Amino acid sequence: MNMSVAEEEPDEEVHVPAEIDWHMLDKSKFFFLGAALFSGVSATLYPVVVLKTRQQVAQSQVSSIKTAFSLIRGEGFRALYRGFGTSLMGTIPARALYMAALEVTKSNVGTATVRFGLAEPTAAAVANAAAGLSAAMAAQLVWTPVDVVSQRLMVQDCSDSGNPKAVASRYVNGIDAFRKILSTDGPKGLYRGFGISILTYAPSNAVWWASYSVAQRMVWGGVGYYLCKKGEEGSDSATNNALKPDTKTVMAVQGVSAAMAGGMAALITMPLDTIKTRLQVLDSDENGRRGPTVMQTVRSLVKEGGWMACYRGLGPRWASMSMSATTMITTYEFLKRLSAKNQEVLT
C-alpha cells in the first residue's frame with residue numbers, strides 16, 4: 001500500500017519509499033538474512049530482558065540498577081546472558097513464523113480492506129493490527145516453551161531476591177532444564193502460561209503495529225515533513241511539489257514511530273507480562289502439586305506490594321520494548337529492502 005502522506009499544504013506531499021509486500025520478497029534471502037540480523041538484535045537486548053525477569057519474580061521492589069549490580073557482583077557478567085543460547089535457538093524459528101504470518105496477513109488484509117472502500121490510513125491500521133495479532137499467535141507456538149526454559153535459567157540462583165519459590169533445582173543448561181521440566185510437569189509444563197502469553201502478546205502486537213502505522217503517519221506529517229523540506233531548501237529540485245526523504249530521514253521517522261508504539265504497548269500489557277513470568281518460572285512444589293494458577297499469582301502479587309507490584313520491571317520492559325521496537329523496525333525494513341526481488345521498486 002502507498003505510504004505517501006498528504007500535508008495540510010495541498011500542493012506539497014512527502015513521498016515515502018513504496019512499502020514492500022510479501023510477493024515482492026525473495027523468501028530464501030528474507031529468512032536467511034532475517035535469522036542473522038535478529039540474532040544480533042536479540043544478543044544486544046538480552047541483558048535488559050534478564051533484569052526485567054529478575055525484578056518480576058522478586059518479592060520486593062528493587063531498582064533496575066541495584067538488581068544489575070547485585071547480579072553482576074554475585075554471579076558475574078555471564079549471568080546477564082544466562083539462558084541466551086536456548087533463547088537464540090528458539091528465536092530463529094519463532095521469528096521465521098512471526099515474519100511469515102505478519103507479511104502474509106498484512107498483504108492479504110491490506111488488499112481486502114482497500115477493496116472494501118476503506119480510506120488508506122484506516123486500511124493500513126487495520127491490516128497492521130490483524131498482522132500483528134496473527135504473527136504473535138503463530139510465534140507463541142514455538143516461543144512459549146523456549147520462554148519457559150530460558151526464564152527458568154535466568155532466575156536460578158536468585159535467592160538474594162527473597163523469593164523462596166523461585167526455581168529450586170539447578171539447571172546445567174537449556175537441554176537439562178527442558179528434560180527436568182518435562183519429567184516434573186509433562187508437556188503442559190513447557191506450555192505453562194501459554195494462554196496468558198497469547199493474551200499478553202497478541203493484543204500487544206496488534207496495538208503495536210496499529211499504533212506504529214498511525215504514529216508513522218503523524219511523524220511524517222510533522223517532523224518528517226520539515227526534515228524533508230529543510231533538505232530541499234537551496235536546491236533546484238523544487239520544480240515539482242513532492243518532497244523526497246533520504247534514507248537517514250526514513251530510518252529516523254521509522255525509529256521514532258516504533259519507540260512511541262513500543263512504549264505504549266509496554267505500559268498497557270505490563271501487568272499481564274508480570275503474571276505470565278511468575279507462572280512460567282515457579283515450579284510445582286515438593287508434594288507434586290501443580291504450580292500456582294493465574295488468580296493465585298495475582299493474589300500473591302497484590303499481597304506482596306499492592307497492585308503496583310504488577311508493574312515491577314516496568315522500567316527495563318519499557319526500555320526493552322522501546323529499544324527493541326526501534327531496532328526491530330529499522331532492521332526489519334532494511335531486511336525487506338535487501339530481500340526485494342526487484343530493487344527498482346525501492347526508488
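For the single chain, residues carry numbers from 1 onward in sequence order. This one's a predicted model, so the numbers in the text were calculated from it and none came from an experiment.
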(message) Membership question, hydrophobic clusters at under 4.5 Å side-chain separation (ILVMFWY): are L338 and I329 in the same one?
(response) yes
(message) Between V49 and I92, is there shared hydrophobic-cluster membership here, with clusters defined by ILVMFWY side-chain heavy atoms closer than 4.5 Å?
(response) no
(message) Once rounded to the nearest 0.5 Å, what's the spacing between atom CE of M295 and atom CD1 of I275?
(response) 8.5 Å
(request) Identify which one of T53, T269, T274 satisfies the side chain to side chain donor-acceptor pair (under 3.5 Å) criterion when paired with R317. (result) T269
(request) Answer yes or no: is there a donor N or O on one side and an acceptor on the other, between the side chain of T122 and the main chain of L118, under 3.5 Å? (result) no
(message) I'd like to know whether CZ of F178 has more than 12 heavy-atom contacts from other residues, nucleotides or ligands below 6.0 angstrom.
(response) no
(request) Search all heavy atoms of A138 against all heavy atoms of L97 and return the closest pair with its distance. (result) O-CD1, 3.6 Å
(request) Only pairs at least two apart or in different chains count here, so list each side chain to side chain donor-acceptor pair (under 3.5 Å) that has a residue in residues 301-313. (result) R278-E304, S300-E304, E304-R312
(request) May I ask whether I72 and L51 are part of the same hydrophobic cluster, defined by side-chain heavy atoms of I, L, V, M, F, W, Y residues being less than 4.5 angstrom apart, directly or through others? (result) yes
(request) Find out whether L25 and K336 are in side-chain contact, i.e. whether some heavy atom of one side chain is under 4.5 Å from a heavy atom of the other. (result) yes
(message) For V219 versus S257, what's the shortest heavy-atom pair and its separation?
(response) CG2-OG, 3.7 Å
(request) For the pair S183 (side chain) and K180 (backbone), establish whether a donor and an acceptor sit closer than 3.5 Å, ignoring hydrogens and angles. (result) yes
(request) Can you see which heavy atom on V214 is nearest to which on A125, and at what distance? (result) CG2-CB, 4.4 Å
(request) Please check if the side chain of S211 supplies one atom and the backbone of A261 the other of a donor-acceptor pair under 3.5 Å. (result) no
(message) Taking side chain to side chain donor-acceptor pair (under 3.5 Å) as the criterion, tell me which of T144, D147, T297 meets it with K276.
(response) D147
(message) Around atom CE of M323, are there more than 12 heavy atoms from other residues, nucleotides or ligands closer than 6.0 Å?
(response) yes
(message) In the structure I gave you, are the side-chain heavy atoms of Y332 and T327 within less than 4.5 Å of one another anywhere?
(response) no
(request) Please check if atom CE in M264 has more than 12 non-hydrogen atoms from other residues, nucleotides or ligands closer than 6.0 Å. (result) no
(message) Could you check whether any side-chain N or O of N173 sits under 3.5 Å from a backbone N or O of D176, counting only pairs where one atom can act as donor and the other as acceptor?
(response) yes
(request) Could you walk me through whether T331 and F334 pass side chain to side chain contact (heavy atoms under 4.5 Å, CB included), step by step? (result) CA-CA 5 Å; T331 302; F334 178 65; 5.6 Å; no
(message) Ignoring hydrogens, what is the shortest heavy-atom contact between M99 and F31? Give both atom names and the distance.
(response) CE-CD2, 4.2 Å
(request) Return yes if some donor-acceptor pair links the side-chain N/O of T113 with the main-chain N/O of G110 below 3.5 Å, else return no. (result) yes
(request) On the 0 to 90° scale, with breaks at 30° and 60°, tag the W209-Y212 ring pair as parallel, tilted or perpendicular. (result) perpendicular
(request) Locate the shortest heavy-atom distance separating E75 from A79; write the atom from each residue and the value. (result) CB-CB, 3.6 Å
(request) Group every Ile, Leu, Val, Met, Phe, Trp and Tyr by side-chain heavy-atom contacts under 4.5 Å, then state whether L190 and Y171 land in the same group. (result) yes
(request) Could you tell me whether the side chain of V50 reaches within less than 4.5 Å of the side chain of L71, counting heavy atoms only? (result) yes
(message) Under 4.5 Å between side-chain heavy atoms, counting indirect links through other Ile/Leu/Val/Met/Phe/Trp/Tyr residues: same cluster for L33 and Y98 or not?
(response) yes
(request) For residues A123 and V114, report the shortest heavy-atom separation together with the two atoms involved. (result) CB-CG2, 4.0 Å
(request) Taking the side chain as every heavy atom from C-beta outward, state whether V126 and F116 have any atom pair closer than 4.5 Å. (result) no
(request) Mind checking the SG-CE spacing from C310 to M270? Nearest 0.5 Å is all I need. (result) 9.0 Å
(message) Is the shortest side-chain heavy-atom distance between L335 and S339 below 4.5 Å?
(response) yes
(request) Taking the side chain as every heavy atom from C-beta outward, state whether I198 and M137 have any pair of such atoms under 4.5 Å apart. (result) yes
Side-chain atoms of residues 37-45: list all donor-acceptor pairs with protein atoms under 3.5 Å, sequence neighbours left out, distances to 0.1 Å.
{"unit_1": "S39", "atom_1": "OG", "unit_2": "A35", "atom_2": "O", "d": "2.6"}
{"unit_1": "S42", "atom_1": "OG", "unit_2": "F38", "atom_2": "O", "d": "2.9"}
{"unit_1": "T44", "atom_1": "OG1", "unit_2": "G40", "atom_2": "O", "d": "3.0"}

(message) Do S204 and M321 make a side-chain contact, defined as non-hydrogen atoms from C-beta onward lying under 4.5 Å apart?
(response) yes
(request) To the nearest 0.5 Å, tell me how far T277 OG1 sits from Q151 CD. (result) 4.5 Å
(message) Pairing donors with acceptors under 3.5 angstrom, does anything connect the side chains of S150 and S87?
(response) no
(message) For the CD1 atom on I175, are there more than 12 heavy atoms of other groups (residues, nucleotides or ligands in this structure) within a distance under 6.0 Å?
(response) no
(message) Any non-hydrogen side-chain atom of Y46 less than 4.5 Å from a side-chain atom of L80?
(response) no
(request) Rounded to the nearest 0.5 Å, what's the gap from CG on L199 to CG on D273? Could you check? (result) 12.5 Å
(message) If you count heavy atoms of other groups shown closer than 6.0 angstrom to OH of Y81, is the number above 12?
(response) yes
(request) Would you please test V256 and T326 for side chain to side chain contact (heavy atoms under 4.5 Å, CB included) and show each step? (result) CA-CA 7 Å; V256 170; T326 302; over 6 Å; no
(request) State the OG-CE distance between S107 and M24, to the nearest 0.5 angstrom. (result) 10.0 Å
(message) Rounded at 0.5 Å granularity, tell me how far OG1 in T111 sits from NE2 in H23.
(response) 8.5 Å
